[in-house]
S.K.: 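Can you keep this structure in mind? I'll have questions shortly.
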Amino acid sequence: MSFHALGLSDELLAAVADSGYNEPTPIQRQAIPLVLMGRDIIGVAQTGTGKTASFVLPMIDILAHGRGRARMPRSLIIAPTRELADQVAQNFLKYGKNHNLSMALLIGGVSFGDQDKALEKGVDVLIATPGRLLDQFERGKILLSGVDILVIDEADRMLDMGFIPDVERICSLLGPNRQSLLFSATMAPPIKKLADRFLNDPRMIEVARQSSTNANIAQSLLMTGARDKRDTLRELLRAEEVTSAIVFCNRKRDVNDLADSLKRYGFRAGQIHGDMEQRDRLSTLEDFKADRISILVASDVAARGLDIKGVSHIFNYDVPFNAEDYVHRIGRTGRAGKTGIAVTLVTSADADLVADIEKLIGARIERRGAAPLETGSESKAAGKDGGDKDAAPARGRSRGGRRTKGGDRKAAAPAPEIVAAPVPEPEPEPEPKAARESKAAPAPVPAPARPTPAPKAAPRAARDEDIDDGTWNGPVPDFLSVSARD
DNA sequence: AAAAAAT
């Protein structure tokens, strides 16, 4: 089936063809005809499903006739983050190149000047984050009563970020005769309520069940000590065939620190988080897209919706606090039919979080890697000091590592020796690369599920950083399959 | 435990 059957104009089809797309995705097939008919829709779809084009394309054709009047945008798209808003704007530019539509992007962190000018002239398409939109509304710069089409993008994210009251406020400012499209990865009760209140007899389109992770993504967990994370990550970055990777941290400070560290080690890395200047956020993204950097260290500002081509790997430097965020983070890879690899660094403190994730995705994630040396034997008694009360029956533990899908990996390396000495600093970083690299490297990262160059690292001598309560010590507890909550 | 968004 091609785009031609969907009822779009020839100019639009030409722009789509120029973008290299031949076949509509399932959500596009379902949504585009409905939107063209003027129906309200609820699209339950994950990002990466072609969701954006499913509303951008029909909107361009609907808006093709007519003209935006001053301060009265004809359509409004609200997105939770600035980058997502920008991404939607890029889509309008790409697909609208044969149309003469005016557009304004209303996001925080950028000056009012251009935004004001565009609004004053009148726009067909207004794309905004809620905060700046309401700000501009209160300044009297926009009238929302002329909006014929409203899109609420990534509603579940809006919910997580506490934007629902803002969104409700915005909805209540719009005129009654409009078409509304709502997209969300989940239909949590507050979102359902929002839809009930502001949508008119919506058709529900469901593409992929939420919390189902993309089958194109090979996921694994890699056990590591809390103080070994940087070593482990660098090792991974070298062992894997990384063409471009996003490394997620839970904290903005760690994003900065880790990115700086990687740069010191010679990696082409950059960072993005919400405390950075908007200019820098966007330029880092551009650098990443243009392959001027290959590693993007990011906070969850980049977890959802960002559509960057060719991301080969996702590394969770920290296990995300929200299980949903895990799904979104790894969803930045394996897009558009490609395969992707997602590796999550796990320390003993992350047991509950991992349990939550596995519960959400309804699957056990493959454990990769050497558990640190089993000091005990394989005897049943070993289970006791591992903290796994209800030891699983057929766990197939073996010395030096746990069983993985492909059988015992011989890569299971001697684990760091535990020495009893006080821990000075987490990591004495600013050492020149050469000096540091020549040192024995950390425990090799075991081979992933698909063939990659063998890790070149050899077992190393214990260092101070090795001492760490987060280190896996003793038998590997099976907590990872035990649900910790409820 | 954090991050996101208006100044």
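Residue numbering restarts at 1 for every chain, and letters A, B, ... go by the order of the sequence lines.
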S.K.: Taking only the side-chain heavy atoms of A:Arg251 (C-beta and beyond), determine which of B:dA6, B:dA3, B:dA1 contains the nearest atom.
M.R.: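 In terms of side-chain proximity for A:Arg251, the closest of B:dA6, B:dA3, B:dA1 is B:dA3.
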S.K.: What nucleic acid atoms does A:Gly162 come within less than 4.0 Å of, heavy atoms only: base, sugar-phosphate, or nothing?
M.R.: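 No contact.
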S.K.: Assess whether a salt bridge exists between A:Glu83 and A:Arg157, defined as any Lys/Arg side-chain N lying under 4.0 Å from an Asp/Glu carboxylate O.
M.R.: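 A:Arg157 and A:Glu83: not salt-bridged.
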S.K.: Do the side-chain N or O atoms of A:Arg281 get closer than 4.0 angstrom to the phosphate oxygens (OP1, OP2) of B:dA5?
M.R.: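 Yes, such a contact exists.
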S.K.: Just the rounded figure in Å: distance from P of B:dA3 to CG of A:Leu84.
M.R.: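 Atom-to-atom, A:Leu84 to B:dA3, this comes out as 18 Å.
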S.K.: Taking the six-membered ring of A:Phe198 as reference, does the cationic atom of A:Arg178 (NZ for Lys, CZ for Arg) lie under 6.0 Å from its centre and within 45° of its axis?
M.R.: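 No; the conditions do not both hold, so A:Arg178 does not lie above the ring face of A:Phe198.
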S.K.: When you measure from the side-chain N and O atoms of A:Arg82 to the phosphate of B:dA6, is any distance below 4.0 Å, counting only OP1 and OP2?
M.R.: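 For B:dA6, OP1 or OP2 has a side-chain N or O of A:Arg82 closer than 4.0 Å.
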S.K.: Taking atom C1' of B:dA5 as reference, at what distance in whole Å does atom CD of A:Glu154 sit?
M.R.: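 To the nearest whole Å, that distance equals 15 Å.
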S.K.: Would you mind reading off the distance between A:Met158 atom CE and B:dA3 atom C1', rounded to a whole angstrom?
M.R.: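 Computing the A:Met158:CE to B:dA3:C1' distance gives 16 Å.
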S.K.: Choosing from B:dA4, B:dA6, B:dA1, which nucleotide comes nearest the side chain of A:Arg132?
M.R.: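 Among the listed nucleotides, the one closest to the side chain of A:Arg132 is B:dA6.
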S.K.: Counting only N and O atoms by type, is there a donor-acceptor contact under 3.5 Å from the side chain of A:Ser312 to the main-chain atoms of A:Thr243?
M.R.: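 At least one qualifying donor-acceptor pair exists.
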S.K.: For the pair made of CG in A:Leu159 and P in B:dA5, what is the distance, rounded to whole Å?
M.R.: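 These atoms are roughly 16 Å apart.
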S.K.: Could you check whether A:Asp160 gets within reach of a base, just the sugar-phosphate, or nothing at all, counting any heavy atom under 4.0 Å?
M.R.: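 If one applies the 4.0 Å heavy-atom cut-off, A:Asp160 turns out to touch a base.
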S.K.: Between B:dA1, B:dA5, B:dT7, which nucleotide gets closest to the side-chain atoms of A:Phe321?
M.R.: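 Of the candidates, B:dA1 comes closest.
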S.K.: May I have the distance from A:Asp325 (atom CG) to B:dA1 (atom P), rounded to whole angstrom?
M.R.: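 It is 17 Å, rounded to the nearest whole Å.
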S.K.: Does a side-chain N or O from A:Ser299 land closer than 4.0 Å to OP1 or OP2 of B:dA4, or not?
M.R.: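 The answer is yes; a side-chain N or O of A:Ser299 sits under 4.0 Å from OP1 or OP2.
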S.K.: How many Å lie between CD on A:Gln136 and C1' on B:dT7, as a whole number?
M.R.: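 Value for this atom pair: 12 Å.
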S.K.: Look at the side chain of A:Leu353 and decide which nucleotide, out of B:dA2, B:dA1, B:dA3, has an atom nearest to it.
M.R.: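 Of B:dA2, B:dA1, B:dA3, B:dA1 is nearest to the side chain of A:Leu353.
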S.K.: Any cation-pi pair here, A:Arg234 with A:Tyr265, using under 6.0 Å and within 45°?
M.R.: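 That pair qualifies as a cation-pi contact.
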S.K.: Establish, for the pair A:Arg329 and A:Phe315, whether the NZ or CZ atom is under 6.0 angstrom from the six-membered ring centre and no further than 45 degrees off its axis.
M.R.: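 Output no; distance or angle outside limits.
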S.K.: Can you tell which of B:dA5, B:dA2, B:dA4 lies closest to the side chain of A:Asp275?
M.R.: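 The nucleotide sitting nearest to the side chain is B:dA4.
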S.K.: Can you tell me how far P of B:dA2 sits from CD1 of A:Ile272, to the nearest Å?
M.R.: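 Rounded to whole Å, this separation is 20 Å.
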S.K.: Whole angstroms only, please: what is the CG-P distance between A:Asn322 and B:dA4?
M.R.: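 In whole Å, B:dA4 P lies 13 Å from A:Asn322 CG.
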S.K.: Between the side chain of A:Ser102 and the main-chain N/O of A:Gly122, is any donor-acceptor distance below 3.5 Å?
M.R.: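 Indeed, once roles are kept as given, a pair shorter than 3.5 Å links the two residues.
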S.K.: Using a heavy-atom cut-off of under 4.0 Å over every strand shown, decide if A:Asp318 touches base, sugar-phosphate, or nothing.
M.R.: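 Here A:Asp318 touches no strand at all.
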S.K.: Should A:Thr129 be listed as having a side-chain N or O under 4.0 Å from OP1 or OP2 of B:dA6?
M.R.: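 Looking at the OP1 and OP2 atoms of B:dA6, one of them is under 4.0 Å from a side-chain N or O of A:Thr129.
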S.K.: For the base of B:dA1, is there a side-chain donor-acceptor partner from A:Asn250 under 3.5 Å away?
M.R.: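 Under the 3.5 Å cut-off, the side chain and the base do not form any donor-acceptor pair.
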